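As the structure is a computational prediction, the values presented were derived from the model and not from experiment.
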Amino acid sequence: MPPSPSTRPQAAAPLPRDRGDACPGALRLHPAADGGLARVRLPAGDLTTHQAAVLADAAELLGDGHLSLTSRGNAELRGLAEGCGDRLAGLLRAAGLLPSAAHERIRNILASPLAGLDRHTPSDVRRWARELDALLCASAWATTLSGRFLFVLDDGRGDVAALGGDVTLLAEAGPGDDGTGPAGGGALLRVGDDPAALRIAGPDAPRAALAAAGAFLAAAGASGSGAWRVRELPDAHALRARDVAEALRSAGIETAYVAAQEAAYGAEPPHPAPAPVRRTPTPPPPASSRAPAARGRSRSWRRWAG
C-alpha cells in the first residue's frame, strides 16, 4: 500500500503569513540574476508534442535556450528578456498552455507519471487531472489559493502519495482495472498530514478535490493565519478528513470515513512497477511529459517531441 502522507516534525510550528506568495508563473515572471524566470504549469505533467515544441520555441526566442522541469513536473524558462511577458503569454495561450490567466499559478496537479499507460493501475487518474484542472479554471474563488497549494493524484502504485500534497487522491482499483473489462474504481481522499481518509466514488474525485480545497480556504480564513498550505494551519483550525467530509456532503458527494490504520494498510499492495512504456509520436490523449533531463537545451525537447 502507498505510504501515508509525510508529516511535519512535532516541534515545527506553522508560520503566520502576512502576504501573498511570490511563486512565479507564466504571467508573473520572477526576476533572477540571469534574467526573468517563468514557470508554466503542466497539470499531471501532460504535454502534447505540439506544446513541447512551443515551449522549445519560447525558450529559444525569448529565453536562454534551455528548459527545466520542476519537482512538480512543471516547466521553467529562464533568461527571459524584460518586457517579453505579453509575447510569451501569446505563445502559451495559442498552444493551450494558458487556459485561464487568472488561474495559471494554481493549476498545481501532480500525478503518477505512468498513470493510464499500463494495465496494472487504474486508468482514471489522468481523466481526474483533466477534470480537476477544468473545475479549478471555472471556479472564481479558486484564484485565492496559493501558487504553492498542491493536488496529488496517485494511481495506486504509491510513487507520489507521500510527496506532501495538500489534497491527495489515491486511486483504488475497480473490477475492470486489470485490463479484463471496463475500468473504474474509487479513490481515497486525504488532506495534509492526516493519515485518515475519505473513500469516494471515482466519478466524484475531481469535485471532491476541489471541495477539499474550498474547505482549506474556509479554515485558513477562520484562522486568520494567511496559510498558503494545509500544514500551515494552526492546530486550532487544523483541517482533517472528518472536517472535509462535511464540505463534501454539502457538495452532494457521498463519503465513507477510513481510519488511519485502514487507510494506510487496508488496500491490496501495489503491483510491481511495469516495464518502461515506449512513447507514441502522437498524443491523444496527451503523452505524459517525460523530457530528457531536469534542465536541457530546447533542441533536446524538440527531439523528444518527435
Go through the steps to decide whether V160 and T168 satisfy the test side chain to side chain contact (heavy atoms under 4.5 Å, CB included), and finish with yes or no. CA-CA 9 Å; V160 295; T168 298; over 6 Å; no
Is any side-chain N of the basic residue among D124 and R127 closer than 4.0 Å to the acidic one's carboxylate O? yes
Is R207 salt-bridged to D204, going by a charged N under 4.0 Å from an acidic O? yes
Restricting to non-hydrogen atoms, name the atom on A58 and the atom on L88 that form the minimum distance, rounded to 0.1 Å. CB-CD1, 3.9 Å
Looking at every heavy atom in both V167 and A213, which two are closest together, and how far apart are they? CG2-N, 4.2 Å
Do the side chain of D154 and the main chain of D159 share a donor and acceptor less than 3.5 angstrom apart?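 Judged by distance alone, yes, a pair lies under 3.5 Å.
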Under the 3.5 angstrom rule, does the side chain of D86 hit a backbone N or O of G83 as a donor-acceptor pair?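 Not confirmed, D86 side chain does not pair with G83 backbone.
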Can you find a pair of side-chain heavy atoms, one from [X] and one from [Y], that are under 4.5 Å apart?
X	Y	answer
L77	L37	no
F149	I106	no
L136	I109	yes
L91	L62	yes

R229: what forms a salt bridge (charged side-chain N to carboxylate O under 4.0 Å, His left out) with it, not counting sequence neighbours?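 R229 satisfies salt bridge (charged side-chain N to carboxylate O under 4.0 Å, His left out) with D166 once adjacent residues are dropped.
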Residue from H30, R39, H66 passing side chain to side chain contact (heavy atoms under 4.5 Å, CB included) with E76: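 One option only clears the test, and that one is R39.
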Would you check, one step at a time, whether the test salt bridge (Lys or Arg N to Asp or Glu O under 4.0 Å) holds for R28 with E104? CA-CA 10 Å; R28 180 196 285 183; E104 62 100 3; over 6 Å; no
